[in-house]
Amino acid sequence: MADGRGQGRATITDVAERSGTSIKTVSRVFNDEPFVRPETRKRVLDAAAALDYHPNMAARSLVRGRSFLIGLFYENPSPNYVVDLQTGALDRLHDERYRLLLFPCESARVVSGKLLQLARTSGVEGIVLAPPLGDDPHTVNELVEARIPFVRIAPTTALDASPTVGIDDRAAAREMTDHLLSLGHRRIAFVQGDPAHPSNTQRLESFRAAMAAAGATVEERLIEQGNYTFESGLAAGRRIFADRQRPTAVFAANDDMAAGVVVAAKEAGLDVPGHVSVAGFDDSLISRVTWPQLTTIHQPTYDMAHAATDALLAVIEKRPIKQAVRLEHQLLVRGSTGRTTPL
């Protein structure tokens with residue numbers, strides 16, 4: 001008999017023998033069928049764990065007429081954001097019968113009108129939509145009409161169309177802007193991300209509002225276009241620091257771009273934060289490996305994906321859920337921001 005450590009893969013027969021039950025009982029346990037005594041179920045699961053036995057998901061799907069697959073659709077050029085997104089969803093599915101399929105999309109515009117077909121072809125039972133896909137009206141409408149369970153992360157439109165998970169982007173951007181203002185900065189540049197991402201618009205608008213509330217002028221020449229990538233942040237930073245009237249602080253709409261701005265500052269011979277403060281958004285890995293470490297907003301991307309996946313399972317299994325989940329952000333002050341010393 002296989003022991004989970006020697007040669008050969010453990011089978012359902014091995015589990016039945018080790019647990020002192022029948023093959024049919026083992027099958028009933030792994031198919032979550034009723035009328036199995038708790039002590040019997042525990043004995044079967046303990047035996048399976050000891051043998052490192054994993055049921056054949058394809059076979060289970062055929063028997064039950066279900067795929068037990070959910071899809072995570074995302075479009076984001078930041079690899080750090082994507083890793084947190086995937087990890088959150090995968091961790092929620094740990095020890096679950098469901099499996100995750102990943103669908104990286106070129107853009108919300110390109111996938112618009114095609115997502116439903118992709119979902120049906122892959123056989124997924126439900127969908128998690130990461131931003132900005134959840135704000136595409138065509139995608140949302142076709143999923144609603146097709147009655148496919150779906151949950152959206154950080155949408156800004158049609159909030160009643162599905163369960164949602166997100167943070168208050170406006171409050172977070174305002175808090176970061178207020179932090180820079182509290183350090184005495186008034187000439188603050190902003191590097192925005194892809195305008196197609198609604199969260200980018202919210203962050204930029206909140207930055208403008210916080211500046212106005214403090215009586216500080218937003219100089220349009222200091223609003224730079226990025227694309228949520230390190231390279232776009234580097235290019236934006238180079239343009240900003242080429243200006244003879246450079247800003248004393250830069251707020252980038254995500255950490256990847258902020259890290260690019262830090263490199264551009266150093267290329268220009270500027271000390272961070274001595275000559276210029278740089279702030280980001282997300283608290284992704286790059287914010288902690290850049291030197292100095294980035295002051296940023298902790299956006300719980302992992303937790304949002306975890307919560308969205310949890311909500312999707314509840315929808316699929318027809319369990320009650322909260323329609324909208326709002327998670328907390330946090331301002332993390334690190335070494336990249338401070339009071340500026342004139343050159």
Inset, instruction - Could you tell me which residues satisfy salt bridge (charged side-chain N to carboxylate O under 4.0 Å, His left out) with Arg37, sequence neighbours excluded, listed by chain and number? - result: Glu39
Legend entry - Exercise: identify the closest heavy-atom pair between Thr295 and Ser336: N-OG, 2.8 Å
Inset, instruction - Nearest 0.5 Å please: distance from the CD1 atom of Ile70 over to the OG atom of Ser122. - result: 11.5 Å
Inset, instruction - Please round to the nearest 0.5 Å and tell me the distance separating atom OG of Ser232 and atom CG of Asn254. - result: 7.5 Å
Inset, instruction - Consider only side-chain heavy atoms of I, L, V, M, F, W and Y, link residues closer than 4.5 Å, and tell whether Val111 and Leu116 are in one cluster. - result: yes
Legend entry - Hydrophobic cluster identity match, Val289 and Tyr302, side-chain contacts under 4.5 Å: no
Inset, instruction - Check Asp255, Asp282, Thr290, Asp283 against Thr296 for a side-chain hydrogen bond (donor to acceptor under 3.5 Å, both in side chains) and give me the one that passes. - result: Asp255
Legend entry - Shared hydrophobic cluster, Leu234 / Tyr81 (ILVMFWY, side-chain heavy atoms < 4.5 Å): no
Legend entry - By side-chain hydrogen bond (donor to acceptor under 3.5 Å, both in side chains) - contacts of Arg92 (at least two apart): Glu96, Asp310
Legend entry - Any donor-acceptor N/O pair, Ser277 side chain to Ala249 backbone, under 3.5 Å: no
Legend entry - Non-neighbouring partners of Glu328 that pass side chain to side chain contact (heavy atoms under 4.5 Å, CB included), sequence neighbours left out: none
Legend entry - Full working for side chain to side chain contact (heavy atoms under 4.5 Å, CB included) between Leu327 and Val165: CA-CA 7 Å; Leu327 300 180; Val165 178; 4.2 Å; yes
Inset, instruction - Could you pull out all residues at least two apart from Lys266 that satisfy salt bridge (charged side-chain N to carboxylate O under 4.0 Å, His left out)? - result: none
Inset, instruction - Applying salt bridge (charged side-chain N to carboxylate O under 4.0 Å, His left out), name anything that partners Arg326, two or more places apart in sequence or on another chain. - result: Asp168
Inset, instruction - Measure across Gly280 and Ala258 and return the closest heavy-atom pair with its distance rounded to 0.1 Å. - result: CA-CB, 3.7 Å
Legend entry - Value rounded to 0.5 Å, distance of CD1 in Ile148 from OG in Ser162: 13.0 Å
Inset, instruction - Supply the atom-to-atom distance Met176 CE to Arg203 CZ, rounded to the nearest 0.5 angstrom. - result: 10.5 Å
Inset, instruction - Any chance you could measure Arg221, atom CZ, to Arg187, atom CZ, to the nearest 0.5 Å? - result: 6.5 Å
Inset, instruction - Answer yes if Ile316 and Ile153 sit in the same cluster of Ile, Leu, Val, Met, Phe, Trp and Tyr residues linked by side chain heavy atoms under 4.5 Å apart, and no otherwise. - result: yes
Legend entry - side-chain hydrogen bond (donor to acceptor under 3.5 Å, both in side chains) partners for Thr164, two or more places apart: none
Inset, instruction - Please list all pairs passing the ring-ring contact (aromatic ring centres under 6.0 Å, His included) test where one or both residues lie in residues 136-188, with sequence neighbours left out. - result: none
Inset, instruction - Apply side chain to side chain contact (heavy atoms under 4.5 Å, CB included) to Arg208 and list each qualifying residue two or more places apart in sequence or on a separate chain. - result: Leu204, Val218, Glu220, Ile223
Inset, instruction - Check whether Leu102 and Tyr98 end up in the same hydrophobic cluster, where Ile, Leu, Val, Met, Phe, Trp and Tyr are linked by side-chain heavy atoms less than 4.5 Å apart. - result: yes
Inset, instruction - Could you walk me through whether Leu331 and Asp178 pass the side chain to side chain contact (heavy atoms under 4.5 Å, CB included) test, one step at a time? - result: CA-CA 11 Å; Leu331 171 65; Asp178 287 344; over 6 Å; no
Inset, instruction - Report yes or no: do Thr11 and Asp14 form a side-chain donor-acceptor pair below 3.5 Å? - result: yes
Inset, instruction - State, without any angle test, whether Gln86 and Tyr74 hold a side-chain donor-acceptor pair at a distance under 3.5 Å. - result: yes
Inset, instruction - Taking all non-hydrogen atoms of both residues into account, name the closest pair between Val276 and Ala265 and its distance. - result: CG1-CB, 4.0 Å
Inset, instruction - With sequence neighbours left out, write down each residue that passes salt bridge (charged side-chain N to carboxylate O under 4.0 Å, His left out) with Arg174, or none if nothing qualifies. - result: none
Inset, instruction - List in chain and number order the residues that pass side-chain hydrogen bond (donor to acceptor under 3.5 Å, both in side chains) with Lys42, two or more places apart in sequence or in another chain; answer none if no residue qualifies. - result: Asp46
Inset, instruction - Kindly give the cluster partners of Trp291, where membership spreads through any ILVMFWY side chain lying under 4.5 Å from a current member. - result: none
Inset, instruction - Verify side chain to side chain contact (heavy atoms under 4.5 Å, CB included) between Gln293 and Arg288, making sure each step is shown before the conclusion. - result: CA-CA 5 Å; Gln293 291 186 329; Arg288 299 184 290 278; 4.0 Å; yes
Legend entry - Interatomic spacing from NZ in Lys114 to CD in Glu142 - rounded to 0.5 Å: 11.5 Å
Side-chain donor/acceptor pairs under 3.5 Å, residues 124-136, sequence neighbours excluded:
{"unit_1": "Glu125", "atom_1": "OE1", "unit_2": "Arg66", "atom_2": "NE", "d": "3.1"}
{"unit_1": "Glu125", "atom_1": "OE1", "unit_2": "Arg66", "atom_2": "NH2", "d": "2.6"}
{"unit_1": "Glu125", "atom_1": "OE2", "unit_2": "Arg66", "atom_2": "NE", "d": "3.1"}
{"unit_1": "Glu125", "atom_1": "OE2", "unit_2": "Ser67", "atom_2": "N", "d": "3.1"}
{"unit_1": "Glu125", "atom_1": "OE2", "unit_2": "Phe68", "atom_2": "N", "d": "2.8"}
{"unit_1": "Asp135", "atom_1": "OD1", "unit_2": "Thr156", "atom_2": "N", "d": "2.9"}
{"unit_1": "Asp135", "atom_1": "OD1", "unit_2": "Thr156", "atom_2": "OG1", "d": "3.2"}
{"unit_1": "Asp135", "atom_1": "OD1", "unit_2": "Thr157", "atom_2": "N", "d": "2.9"}
{"unit_1": "Asp135", "atom_1": "OD1", "unit_2": "Thr157", "atom_2": "OG1", "d": "2.6"}
{"unit_1": "Asp135", "atom_1": "OD2", "unit_2": "Thr156", "atom_2": "N", "d": "3.2"}
{"unit_1": "Asp135", "atom_1": "OD2", "unit_2": "Thr156", "atom_2": "OG1", "d": "3.4"}
{"unit_1": "Asp136", "atom_1": "OD1", "unit_2": "Ser112", "atom_2": "OG", "d": "3.3"}
{"unit_1": "Asp136", "atom_1": "OD2", "unit_2": "Ser112", "atom_2": "OG", "d": "2.9"}
{"unit_1": "Asp136", "atom_1": "OD2", "unit_2": "Thr139", "atom_2": "N", "d": "2.8"}
{"unit_1": "Asp136", "atom_1": "OD2", "unit_2": "Thr139", "atom_2": "OG1", "d": "2.7"}

Inset, instruction - Show the numbers, then the answer: is there a side chain to side chain contact (heavy atoms under 4.5 Å, CB included) between Phe281 and Asp169? - result: CA-CA 10 Å; Phe281 199 110; Asp169 274 282; 3.7 Å; yes
Inset, instruction - If the plane angle is over 60° it's perpendicular, under 30° parallel, otherwise tilted; pick one for Phe190 and Phe251. - result: perpendicular
